[in-house]
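These figures come from a predicted structure and were not determined experimentally.
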Amino acid sequence: MSENVVHLHKNPEPAPDTAESASVTTLTVVPDPAPAKPVPLWVRSGRAVRTVVTHETTKTTVRAVARHGLYTFNGGRIVARRTWDGRTGSRYERMLRAAEAAGNYEVAEEWEERLQRFREARHRRRMDLLHSPLDVAKGVGVGVGMSIGVLVALGVVMAINNHDVADVITPLAATIEFIGTLIRIVQIVWGPALTIGPLLALLALWAVGSKQQAAPAWALPANVRGGEGEPITPSIVVKALRDLGVPALRKAITEMGDAGASMLGPIRIAGCGVEVDVTLPSGVSTIEVQNRRRKLAENLTRHEHEVFITIPQAARTVRLWIADSGALDEPIGPSPLVTDETMTADYAKGRAPWGQDLRGDAAALSLYQRHLLITGLSNQGKTVALRSLALWLSLDKSVQFLMGDLKGVGDWAMFDGLATTLIQGPTDEHVIQVTEMVEGAVDEMNRRIQAPPGTTFPPLIVLVDEAQVAFMCPAKDEEKRPYGGSKANSRYFMAVRKIHNQGRAVNVLMWQGTQDPTNENLPKLVREGAHTRASLALGTESQARMALGDKAVDGGAAPNLLRPGLDRGTLVVASDGIAIPAGQSSITVRTHYIDDDAATAITDRAKALRDGVTTLHAIEKGVERDRLADIASVVGDATRVRTQDILKRLAVLDHDAYGKWSFLDLKRELDGTGAEPYKSDGVMVVGRDRLTRALANRDDEGSASASN
């Protein structure tokens, strides 16, 4: 029995109803708490066992033991199945059944023929085995007899040479002794080999099972249990479709006798992934699958950007391209423009090496008589993608460039000395210069249109990067006409529209690169005038429709699903100038990256192909012209230049002064200077050296007159 404890509490303050100041002592009796009941031993043991069993270390150990044991066991099953497949026709029969289930009877017939050929070859081998023991015995007998004869003959030679009859059997005795030594070595090694051999066999089976991850998901390591990178099989595809959340699709798959196998075409290797066509059952539309791209990708243990859904020609069919896990994050190789220093271009018949499609095949783009538009969010590789096409085309020496870079940070500086005009800068003044450059191209287009029928013209590429700056420019000219905007009096807009309408027929082409397309910075009529439309990553589906058009987006094009930053340089292209799989309206291209140094090296090669181009960095107007000096400036460093080229360059230099010049005007200006046009290789040209002498003589005459 426990005893009570008495506590003494001394109150230092007097009681309220007395005048005495003495303190009061209070006695409090506090009973002891009841003692806790002892925990039974079996309960404590159970708790300890539960703690040990549920501990993470125990779970990890159990998983490891189960995993490696099952690796060995299932590795044996895999080896046994492979051996069985190699010795029988079961592999051919499986392929035959799969082809029949998919309704691909041509492939089924092919597998049936292969199975028949395998059975015939196996029958011939078995028949040969009936005669092989006798043939082997004969061969061994003949071989042994010949060997003994050779050894005896060698012994006779040794006996004759050594004058000793005993040497006749020396070679034969040495051979017998060598065979005995081998037998002793085998006897020594045989025991350990019987012990080590099974261990090596088990290790080999474990290696096979480990490579195939032949264990249940719960026993696999944490980084594998999630199924990341799981190979795509028909059952996985059907299961992913069944769990997509489309009731009609799930019900149809459940009711199919083959568990949905007949929906799938063959799974084909396609670049860094696989491709399969899925024929949807009645009552399920393709748009229902397209709208669930993310869920489908997750069901296939892939990220959303690793699954692409397109619509082929067949009705009620979707084509799935499923990337190997992580493959799209790996860079592609360098551009052939960089690796092949002998490469040249052909504007009319060639194709620019732009990159690779998702299948890993080379993606090449024809630029012949096609206006071009590339758009996307900022810093996604638009300028590099556009520049790589211009770099390839620069290797065709007949191509001429008029360039406006409204970013102005030097991305196009390597075209100085290659482009006829190169304007770089983001200000309103630069927009005005670029607008006048495009209007000069319109005048050149009109001149070509008025030429006699059958006249051929060199390609003229009018390239404007960051074109949204031009469309958004608020500046107006003296007549109050805006340079930007999308109205009928907007100068840049109307110049681009005129080239889109008629430039293609006379090889005057408009290339534009722009950011973040909207109706304000990329008017509808302009974007729809481009024959080749490409888009990098965008923010919304509405922007994707602006960039590529409704047809491409409805057919599966989704640049808005590309990952900004991570998919830099990846384009969705809608054009008849690139090979697009039948039934699709677009193709995804991973473009080659060409840095500034490599681009400069390519343009140096392009400049070496030409006689020399004087690049104008501003379009001068309203100034007093020195005509002879202007002619010399547009000739530049070239030995001689065709008169037609001089007229075009003069028109770009100052359209007001030289836009209407003809050959007679040029000839009249040069008459009497000593630099008159002359014929070379059947065409009229003007020589640089003659112009230099004419300018020197004129300056000398001017100095002499001034001194007099």
Find out whether the Lys NZ or Arg CZ of Arg497 is both under 6.0 angstrom from the six-membered ring centre of Tyr492 and within 45° of the ring's axis.
no
Go through the structure and list residues passing salt bridge (Lys or Arg N to Asp or Glu O under 4.0 Å) with Glu520, not counting sequence neighbours.
none
Check this for me, if you would: do Arg491 and Asp477 make a salt bridge, where the nitrogen-to-carboxylate-oxygen distance has to be below 4.0 angstrom?
yes
Are side-chain heavy atoms of Tyr593 and Ile332 found at a separation under 4.5 Å?
no
Atom CZ of Arg351: over 12 foreign heavy atoms under 6.0 Å:
yes
Once side-chain hydrogen bond (donor to acceptor under 3.5 Å, both in side chains) is applied, do any residues pair with Asp554, and if so which ones, sequence neighbours excluded?
Arg545
Once side-chain hydrogen bond (donor to acceptor under 3.5 Å, both in side chains) is applied, do any residues pair with Arg563, and if so which ones, sequence neighbours excluded?
His305, Asp329, Asp567
Might you confirm whether atom NZ of Lys648 has over 12 heavy atoms from other residues, nucleotides or ligands at distances under 6.0 Å?
yes
Tell me every residue that passes side-chain hydrogen bond (donor to acceptor under 3.5 Å, both in side chains) with Asp405, counting only those two or more places apart in sequence or in another chain.
none
Output all residues satisfying side-chain hydrogen bond (donor to acceptor under 3.5 Å, both in side chains) with Arg387, sequence neighbours left out; order by chain, then residue number.
Asp596
For Trp354 and Ala534, work out which heavy atoms get closest and say how close.
CH2-CB, 4.1 Å
Salt bridge (Lys or Arg N to Asp or Glu O under 4.0 Å) partners for Asp671, two or more places apart
Lys667
Does the distance from a Lys or Arg side-chain N to an Asp or Glu carboxylate O, for Asp346 and Lys349, drop under 4.0 Å?
no
Between Asn507 and the options Arg448, Gln369, Gln400, the side chain to side chain donor-acceptor pair (under 3.5 Å) test singles out Gln369
Do the rings of Trp661 and Tyr658 sit parallel, tilted or perpendicular, given the 30° and 60° boundaries?
perpendicular
Does a salt bridge link Asp576 with Arg370, judged by any charged N lying under 4.0 Å from a carboxylate O?
yes
Assess whether atom CG of Asp595 is packed by more than 12 heavy atoms of other residues, nucleotides or ligands within 6.0 Å.
yes
How about Lys397: does its NZ atom have over 12 heavy atoms from other parts shown lying under 6.0 Å from it?
no
Applying side-chain contact (heavy atoms from CB on, under 4.5 Å) to Lys382 and Gln515, what does each step give before you reach the verdict?
CA-CA 8 Å; Lys382 168 181 55 61; Gln515 290 183 16; 3.9 Å; yes
Hey, is Lys407 close enough to Asp411 for a salt bridge, meaning N to O under 4.0 Å?
yes
Step by step, would you call Leu418 with Val613 a side-chain contact (heavy atoms from CB on, under 4.5 Å)?
CA-CA 6 Å; Leu418 190 60; Val613 176; 5.6 Å; no
Would you call the rings of His371 and His531 parallel, tilted or perpendicular, where under 30° means parallel and over 60° means perpendicular?
parallel
